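I have placed the structure first, in the form of structure tokens, so that the comments after it can refer back to it.
Every value quoted in this text rests on a predicted model; they were computed, and no experiment measured them. Each chain gets a letter, A, B and so on, in the order the sequences are listed, and its residues count up from 1.
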2 protein chains.
Amino acid sequence: MNSTNHYPDRTVERLCTYRRTLRRCLDEGKPRVFSHELAAAHQATPAQVRRDLMTIGFSGSPARGYDVAGLLEYIGDILDPPDGTAAVLLGVGHLGRALLAHFTRDRSPLHVAAAFDITPEKVGASCHGCTIHPLDALERIVAETHATVGILAVPAEAAEDMALKLVACGVRGLVNFAPVLLHLPSDVTCEDIDITVSLEKVAYHARHAEPRVA
Amino acid sequence: MNSTNHYPDRTVERLCTYRRTLRRCLDEGKPRVFSHELAAAHQATPAQVRRDLMTIGFSGSPARGYDVAGLLEYIGDILDPPDGTAAVLLGVGHLGRALLAHFTRDRSPLHVAAAFDITPEKVGASCHGCTIHPLDALERIVAETHATVGILAVPAEAAEDMALKLVACGVRGLVNFAPVLLHLPSDVTCEDIDITVSLEKVAYHARHAEPRVA
DNA sequence: AGCGCGCTGTGAACACGGTCACAACGTGAA
DNA sequence: TTCACGTTGTGACCGTGTTCACAGCGCGCT
Ligand SMILES: NC(=O)c1ccc[n+]([C@@H]2O[C@H](COP(=O)([O-])OP(=O)(O)OC[C@H]3O[C@@H](n4cnc5c(N)ncnc54)[C@H](O)[C@@H]3O)[C@@H](O)[C@H]2O)c1
Ligand SMILES: NC(=O)c1ccc[n+]([C@@H]2O[C@H](COP(=O)([O-])OP(=O)(O)OC[C@H]3O[C@@H](n4cnc5c(N)ncnc54)[C@H](O)[C@@H]3O)[C@@H](O)[C@H]2O)c1
């Protein structure tokens, strides 16, 4: 297991969601879980869960299952840097405001540290307790907050420019809501969330579903 | 090719995005495209594009490429029902408002036809030109608008109940923003958009990216 | 008219993630 | 103490989606 080339994307994704179930178990005072319980709370089979945990090197015990608190901490060590993750948001429009409302109140290991917009009227204002900064403060604030992730909620035309600006400031991870493919250096991770495409896909599949199976 | 079991999900997804590039070509007066041009505008190789178009049965001509207008119409016939797709939105909170702002002004083949909320103060009000209805009007309005897709922007605790309610009204496609797995009949298509997980994934990958390759 | 280039269409090979199936083992009951 | 059960850990297998590689062909150039 070399240090740069890490776990598969799909596994990381499931780790994120396993955490939710594990937290709920902890809240309920349930000290141990079986693979089939974790599987039921996700889109997964018991074998898949065991495989994921094997991949990250976490062992359970036969007839007892996995230790909830131990696994939660183990996953946290993989996913979370010691000081949590800071993100910056670009574009405080309709979508940006919703994101701010959600990720600033959150005490999770991940939060939005600062927001930016190009519109002069918005700059300086505060939105859900977060001050909106001008774009020329980007480099300084990324450095100060040690932000490692950038969120793009700007119009499609501006997205690539803003992405490259973020990369120039040292950001290596992006979440892009704009409906365009960004051309980025290969060491930058970008997750596209394309709500329009998701809706179109679902509409398509809904139209072509077989009448009723289960 | 039987009528129920249709194209793979990934292909449908790419068809949605090919359309964007094709529309841009049309706007620019470009009558034909090559597979490598479509590929460059997407996360795809030329072979992948050709394979997709082969899958849907659209032919180009060597040395001339694909006819932009023809392909656009061909994809439209696959993705869009004749009258467009109507969706209903459940939960007009921070996220719901952003979605309304985007998908009501849109003249696209897909639009939000009605919004619903449980909070008495919100019901009856209008948001971005869309009236907010009470939940007990759901069945009637789904029937009247012929909505085929439901969008869940409600708190996690309410998501599964609301999903089942939509299904009971005849909706067969869902887009779910709540961070829970929905247990649904197998003939219902559900696309989960889990923004928190996307952020966590990106943060993870950004931390473990190799220093610099390209 | 003839030639060569560059594209399309596609069978075959490949890679990856997911699933199966089973040996190993700890636990609790008798 | 012994046994039966249920769960984990994992090698082998399988299916799907992606890429390779090349034959076939039309266009434009000479
Ligand atoms: N709202 C939705 O539900 C929705 C759905 C699908 C896709 N999207 C996409 O998400 C993005 C944002 O959508 P929105 O609805 O919030 O749009 P919006 O127009 O409401 O907001 C865009 C914001 O970005 C700011 N902006 C513009 N250029 C900028 C720049 N260069 N740097 C920083 N800020 C800049 C604007 O001032 C504005 O505040 C768009 O690309 C849109 O296509 C949104
Ligand atoms: N806002 C974000 O950026 C964001 C990010 C990640 C996930 N989410 C998820 O999206 C969902 C919505 O987020 P939000 O920020 O808009 O929350 P919000 O609290 O602002 O809005 C929720 C809305 O749903 C309404 N509601 C509650 N129960 C309902 C019911 N049974 N039927 C209809 N409406 C009901 C409430 O009245 C409220 O208007 C949540 O599940 C949240 O976890 C949001």
Produce the list of close N/O pairs, under 3.5 Å, pairing protein atoms with atoms of nucleotides 5-8 of chain D; give distances to one decimal.
| from | atom 1 | to | atom 2 | distance (Å) |
| --- | --- | --- | --- | --- |
| dT8(D) | OP1 | Ser35(A) | N | 2.9 |
| dT8(D) | OP2 | Ser35(A) | OG | 2.8 |

Contact list (N/O, under 3.5 angstrom) for nucleotides 16-18 of chain C vs protein:
| from | atom 1 | to | atom 2 | distance (Å) |
| --- | --- | --- | --- | --- |
| dG18(C) | OP1 | Arg10(A) | NH1 | 3.2 |
| dG18(C) | OP1 | Arg14(A) | NH1 | 3.2 |
| dG18(C) | OP2 | Arg14(A) | NH2 | 3.0 |
| dG18(C) | OP2 | Gln48(A) | OE1 | 3.1 |

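Listed by chain and number, the residues in a side chain to side chain donor-acceptor pair (under 3.5 Å) with Lys165(B) amount to none (sequence neighbours excluded). For His205(A), there are no ring-ring contact (aromatic ring centres under 6.0 Å, His included) partners two or more places apart in sequence or in a different chain.
Rounded to a whole Å, the CE atom of Met54(B) is 9 Å from the C1' atom of dG11(C). Between the NE2 atom of His42(B) and the P atom of dT18(D) there is a distance of 14 Å, given to the nearest Å. Rounded to whole angstrom, the span from the CZ atom of Phe58(B) across to the P atom of dG9(C) amounts to 9 Å. One interatomic measurement links the two molecules: CD1 of Ile56(A) to P of dT10(D), which rounds to 13 Å at whole-angstrom precision. One atom, CG of Asp67(B), and another, C1' of dG26(D), lie 16 Å apart when rounded to the nearest Å. The OH-C1' distance, from Tyr7(B) to dG17(D), rounds to 17 Å in whole Å.
Using the six-membered ring where Trp is involved, Tyr66(A) and Phe58(A) have ring planes that are tilted, between 30° and 60° apart. Under the 30°/60° scheme for interplanar angles, the aromatic rings of His6(A) and His208(B) are found to be tilted.
No more than 12 heavy-atom neighbours from other residues, nucleotides or ligands sit within 6.0 angstrom of CD on Glu73(A).
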Check: For DNA chain D, what dot-bracket results from Watson-Crick or G-U pairs at under 3.5 Å, with [ ] for crossers and | for inter-strand partners?
Finding: ||||||||||||||||||||||||||||||

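For His146(B) against Ala86(B), the heavy-atom pair with the smallest separation is O-CB, 4.4 Å.
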What side-chain donor-acceptor pairs closer than 3.5 Å can you find for residues 175-184 of chain B, not counting sequence neighbours?
| from | atom 1 | to | atom 2 | distance (Å) |
| --- | --- | --- | --- | --- |
| Asn176(B) | OD1 | Ala178(B) | N | 3.0 |
| Asn176(B) | ND2 | Ala178(B) | O | 3.1 |
| Asn176(B) | ND2 | Val180(B) | O | 3.2 |
| Asn176(B) | ND2 | Asp192(B) | OD1 | 2.8 |

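Residues Val68(B) and Leu71(B) have side chains not in contact (no heavy-atom distance under 4.5 Å, counting atoms from C-beta outward). At a threshold of 4.5 Å between non-hydrogen side-chain atoms, the residues Leu135(B) and Met162(B) count as touching. Between Phe103(A) and Thr196(B) there is a side-chain heavy-atom pair separated by less than 4.5 Å.
Not a single donor-acceptor pair under 3.5 Å links the side chain of His133(A) to the backbone N or O of Ala114(A).
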